[in-house]
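Quick caveat, the model's predicted, so the values are computed rather than measured.
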Amino acid sequence: MVVIGSGPAGVAVAERLYKERPSVTIAIIERGSTLLRRHFYTNGALIGERDRFLARHQVCPWEGDLDEGGALLPALGGRGIVGGSQLHRFYASDLTLWPNGLWPLTEGELDPYFREAETRLLGGSRCGGPAQEYVCESLANLHARHPPCGPAVDTERRPSVGLPHHSSVERLLALLDMDRAAPSRRLRIFTDTRAVRLVADPARPRHMSRVRCVPAGEPGGAHFDVHGGAFVLAASAVESARLVLVSGVQALNGMSTNVGRYLMEHVYCRGYLDVSRHQKIPPGPINVFVPPQSAALENRFQVEICSVTHPADGRSVLRVTGSAAMDPQRQNRVTLSPDRVDGHGVPRASTVLRLSPGDERRKMSLLRGLQNIAALLGGSWLAPPAVMPRGASYHEAGTLRIAQSPAEGAAAPDGSLFGWDNVFTGDASAFPSVGVANPILTITAMGYRLADRLASRLGIFERA
């Protein structure tokens, strides 16, 4: 099994196959190096350090609408190592609300995988203390609540920043330690390695035989091939689609014309509310979320409220972030720039990501919602809510989406790309719609589901 990408999606597939299928050997290809062994939690104590880390290491290899805000984090564990502290399931209604974004699977089918993801990822504590309770009570009419936490939650009513969760790099390194102690090695991780092309087996229709790789930091470096029985694309919605497009597999095998289509992310808005002089909010940590207020499309947004420390003077500031769903639109897409190549001679990805009229209405509803939250909490805006650049959420989705037919998507419900037997979409590119929640938990659940589908087909690959 060859997994391209070591973020939440790639690690979910690898860890489940490694533990549940002892006959499988796994190669993980990661374009970045191992930069750190822990997770950056987005609480006040680390937010400045996290931002400095991102500014130093993230890159944007794309042109077009994601050029300003979109970025990759070339590192073992991918962007999951700086993922948000609130990990939510997809809301069930988000699987069915969009007629052109229907999921070909149900909430009931995903539920056991969500429960497994929550057990493995979510920490056992939640934010507590009088400040947390005051904010929850002040926003009770908006159904404000504590974010999800692990099944073994600490129920003591004591101040706690809460919500540490196990990142992809932590789980991957634990898997590597397990493999080092095993009698025979089954896991190989290629860091600083760029996957540049999938190569079909000319003697076997509908079958990929290897992925061509180059040293990521060596423009013009000699290529080498990693062979496998099956290939999982988990490099981000933009990079996974780019790899399929640059490999020419659509022309080779009559794949769906929806490859690269339906690019989505979250419409991201953020403001900073100063509550340091608020007489009713006691000092202490705050981590609260406000769910969508209805199933109406204009209300499909979620708000997270977290306390952070002002870097200049240590004041308590509330970071108020809204993430709104985006309508699935076929014209939003990833394409190739044939006249623009990177240092390895590979065409660069170009992105088109425009808001629909429905997205614009949802954005305005979200901004009004943030102002309402500020009015209910009091305080004053240190920085009023503003729409962040496209790509700033790092929640791209949809470009190899699963569907019942090639007319609706690029992959079958089991994750296999239409036209191919052994290439699978493993990251958020599989999403038919992007919903409103942080996608890490859903990506992980979908990764476990994909691993089970792969296990049922591995007998074919092992005999091949």
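- At a cut-off of 3.5 Å, with distance as the only test, no side-chain donor of Gln293 or His143 sits close to an acceptor on the other residue.
- When atom types are taken as modelled, the side chain of Thr351 and the backbone of Leu66 share a donor-acceptor pair closer than 3.5 angstrom.
- A salt bridge does not link Glu408 to Arg261: none of the charged side-chain nitrogens sits closer than 4.0 Å to a carboxylate oxygen.
- Between the side chains of His207 and Asp421, no donor-acceptor pair is found at a separation under 3.5 Å.
- Side chain of Asp94 to backbone of Gly435: no donor-acceptor contact under 3.5 angstrom is found.
- Taking CG from Asn438 and CD from Gln86, the interatomic distance works out to 8.5 Å, rounded to the nearest 0.5 Å.
- A salt bridge does not link Asp359 with Lys363: none of the charged nitrogens is closer than 4.0 Å to a carboxylate oxygen.
- A cation-pi arrangement is present between Arg120 and Tyr448 under the rule of less than 6.0 angstrom and at most 45 degrees off the ring axis.
- A donor-acceptor contact shorter than 3.5 Å is absent between the side chain of Thr399 and the backbone of Gly260.
- For Arg270 and Thr321, the side-chain atoms include at least one donor-acceptor pair closer than 3.5 Å.
- With 3.5 Å as the limit, one finds a donor-acceptor pair spanning the side chains of Arg330 and Thr257.
- Considering every non-hydrogen atom in both Asn258 and Pro406, the closest pair reads ND2-O, 2.9 Å.
- In this structure, Pro439 and Phe431 have side chains that are in contact, with non-hydrogen atoms separated by less than 4.5 Å.
- Closest non-hydrogen pair, Ser6 versus Gly78, comes out as OG-N, 4.0 Å.
- Ion pairing of Arg319 with Glu304 is absent here, as no side-chain N (NZ or NE/NH1/NH2) approaches a carboxylate O to less than 4.0 Å.
- Centroid-to-centroid, the aromatic rings of His88 and Phe289 come within less than 6.0 Å.
- Of the possible donor and acceptor atoms, none in the side chain of Gln329 sits under 3.5 Å from a partner among the backbone N and O of Gln331.
- A salt bridge does not link Arg89 to Glu107: none of the charged side-chain nitrogens sits closer than 4.0 Å to a carboxylate oxygen.
- There is no side-chain donor-acceptor pair under 3.5 Å between Asp274 and Ser380.
- Atom NE2 of residue His166 and atom CG of residue Leu172 lie 15.0 Å apart, to the nearest 0.5 angstrom.
- A side-chain donor-acceptor contact under 3.5 Å links Tyr113 and Asp452.
- Within the 4.5 Å cutoff, the side chain of Leu175 has heavy atoms near those of the Lys19 side chain.
- Nearest approach of Trp62 to Gly70, heavy atoms of both residues: CZ3-C, 4.0 Å.
- Distance alone, capped at 3.5 Å, places no donor-acceptor pair between the Ser93 side chain and the Ala295 backbone.
- Note that the CD atom of Glu360 and the OG atom of Ser365 stand 13.0 Å from one another [nearest 0.5 Å].
- Shortest non-hydrogen contact noted between Leu73 and Phe53 is CD2-CE2, 3.8 Å.
- For Trp420 and Phe231, the gap between ring centers reaches or exceeds 6.0 Å.
- Here the closest non-hydrogen pair linking Val246 and Pro347 is CG2-CD, 3.5 Å.
- Leu76 CG to Ser167 OG: the interatomic distance, rounded to the nearest 0.5 Å, is 9.5 Å.
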For this session: Go through the steps for Glu116 and Arg449 under the test salt bridge (Lys or Arg N to Asp or Glu O under 4.0 Å), then give the verdict.
Result: CA-CA 10 Å; Glu116 180 176 355; Arg449 175 184 179 272; over 6 Å; no
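- Residues Glu265 and Tyr394 have side chains that never bring a donor and an acceptor to within less than 3.5 angstrom of each other.
- Using a 4.0 Å cut-off between charged side-chain N and carboxylate O, Arg242 and Glu63 make no salt bridge.
- Asn287 CG to Cys306 SG: the interatomic distance, rounded to the nearest 0.5 Å, is 4.0 Å.
- Note on Glu298 versus Arg362: no salt bridge recorded, every NZ/NE/NH1/NH2 to OD/OE distance being 4.0 Å or above.
- Between the Ser307 side chain and the Pro285 main chain, no donor and acceptor come within less than 3.5 Å of each other.
- Annotation for Val288 and Cys136: closest pair CG2-SG, 3.8 Å, computed over non-hydrogen atoms.
- With contacts defined as side-chain heavy-atom distances shorter than 4.5 Å, the pair Asn372/Arg368 does not qualify.
- Inspection of the Asp327 and Trp98 side chains reveals an N or O donor paired with an N or O acceptor under 3.5 Å.
- When only modelled atom types and interatomic distance are considered, Glu109 and Trp103 share no side-chain donor-acceptor pair under 3.5 Å.
- At a threshold of 4.0 Å, the pair Asp342-Arg348 does not count as salt-bridged, since none of the basic side-chain nitrogens sits closer than that to a carboxylate oxygen.
- Annotation: Phe114 is not in aromatic contact with Phe90 [ring centroid separation under 6.0 Å not met].
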